[in-house]
Protein chains: 2
Amino acid sequence: MGTTKTEAFTEADLTLATYAKALAHPARVAILRILLERNSCICGDIVEELPLSQSTVSQHLKELKEAGLIKGDIDGKKVCYCIDAEAWKHAQLLMQQIFASYTLCGTSCC
Amino acid sequence: MGTTKTEAFTEADLTLATYAKALAHPARVAILRILLERNSCICGDIVEELPLSQSTVSQHLKELKEAGLIKGDIDGKKVCYCIDAEAWKHAQLLMQQIFASYTLCGTSCC
DNA sequence: CTTTCTAATCGTAATATTACGATGATAAAA
DNA sequence: TTTTATCATCGTAATATTACGATTAGAAAG
């Protein structure tokens, strides 16, 4: 128990859920906004922007990386993070699709 | 420990994270798709559509309701669930905004 | 080499999530 | 009233998440 029944769902739903999960914590949303704001890549000043410890930020960065939304390039001592364009667009598309599928029919009950 | 530092984040980030969290499980994505597909409201046949127990589905429905994305109206013995139009559009807007803020600048490094 | 800086990882504690069976509540049907 | 059907909630077990301090690994600086 306690584990998601992965095999029970479609690939699309699993993928969308993965992207959504990456956005499912305010710290990760904040990190993404920092990366989006400065179109140039940002290293670990993210830690200074947020009231979280370095290890916690690093953990959130890892999750964003595992979801595919960001990439990290080692640049000497520092590590440069940025949005992964392809994954970002893919996530955007999946989100657009599910949200748009409502406005298509329009009428609802309840 | 173990608890999110809610006070550390902006209202927008917290709200977006809440909506994202609702989409962060494939079962909930699947439930939303069922509700989206049939533009008429659906009751608990959702349980039959998914390979999950009734109590598990009910729990997921509760989370979707708490996130605000769906509403549930009691209709005799059955309960009729459907998308909450306002919240849906709000979530759509927040998602659109954060995703669109990338394509605006375009160029990235890494 | 040693120190320093940056960032990942480890270890751990608190809390949250996921899933299910069992039980409870309410409304329709008998 | 008793039964049946529908759905929520409780209780519980397994697992995952969140957060932090401490440690580790690697590169640059001294």
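Throughout, a chain's letter reflects where its sequence line sits, starting with A, and its residues are numbered from 1. Predicted model, so just to flag it, every value in this text is computed and none were measured.
- A distance of 12.5 Å separates CD1 in Ile42(B) from CD1 in Ile70(B), rounded to the nearest 0.5 Å.
- Atom-to-atom, NE2 of His60(B) to C1' of dA16(C) comes out at 13 Å; the value is rounded to the nearest Å.
- Both Gly2(A) and Lys62(A) sit near DNA chain C, but only Lys62(A) has its closest nucleotide nearer the 5' end.
- With rounding to whole Å, Leu52(B) atom CG is found 14 Å from dG21(C) atom C1'.
- Arg28(A) places a side-chain N or O within 3.5 Å of a backbone atom of Lys21(A) that can act as its donor or acceptor partner.
- At least one side-chain heavy atom of Met95(B) sits under 4.5 Å from a side-chain heavy atom of Leu23(A).
- Distances from the side chain of Thr3(A) to the nucleotides dT15(D), dT4(D), dA8(C) place dT15(D) closest.
- The side chain of Ser55(B) sits closest to dT9(D) out of dC20(D), dT9(D), dT18(D).
- Rounded to a whole Å, the CG atom of Leu61(A) is 16 Å from the P atom of dT17(D).
- Protein atom CG of Asp73(A) is 16 Å distant from nucleotide atom C1' of dT6(C), rounded to whole Å.
- Side-chain N/O atoms of Gln59(A) and base N/O atoms of dA8(C) include no donor-acceptor pair closer than 3.5 Å.
- Summarising the geometry, the separation between CG on Leu23(B) and P on dT17(C) is reported as 15 Å, rounded to the nearest angstrom.
- Across the protein-nucleic acid pair, Glu7(B) atom CD and dT18(D) atom P stand 15 Å apart, rounded to whole Å.
- Distance Ile31(A) CD1 to dT18(D) C1': 12 Å, rounded to the nearest Å.
- Here the side chain of Lys78(B) is nearest to one of dA19(C), dC7(D), dT18(C), namely dC7(D).
- Counting heavy atoms from C-beta on, the side chains of Thr15(A) and His90(A) come closer than 4.5 Å.
- Between the CG atom of Asp75(A) and the C1' atom of dA7(C) there is a distance of 13 Å, given to the nearest Å.
- Within the nucleic acid shown, Lys77(A) comes within 4.0 Å of at least one base atom, counting heavy atoms only.
- Contact annotation for Ile74(A): no contact, since no heavy-atom pair falls under 4.0 Å across all strands.
- Here dA8(C) is the nucleotide among dC7(D), dA8(D), dA8(C) with the atom lying nearest to any side-chain atom of Tyr81(A).
- Taken from CG in Asp13(B) to CD1 in Ile31(A), the straight-line distance is 10.5 Å, to the nearest 0.5 Å.
- Contacts of Thr4(B) with the nucleic acid, taken as non-hydrogen atoms under 4.0 Å apart, involve only primed sugar atoms and P, OP1 or OP2.
- Here Gln54(B) lies in heavy-atom contact (under 4.0 Å) with a base.
- Between Ser58(A) and Lys21(A), it is Ser58(A) whose nearest contact on DNA chain C lies nearer the 5' terminus.
- Residue Ser53(B) has a polar side-chain atom (N or O) positioned under 4.0 Å from OP1 or OP2 of dC20(C).
- In this pair, Phe9(B) and His25(A) present their aromatic rings perpendicular. The plane angle is above 60°, beyond the 30 to 60° band.
- For His25(B), counting side-chain heavy atoms from C-beta on, the closest listed nucleotide (dC20(D), dT18(C), dT17(D)) is dT18(C).
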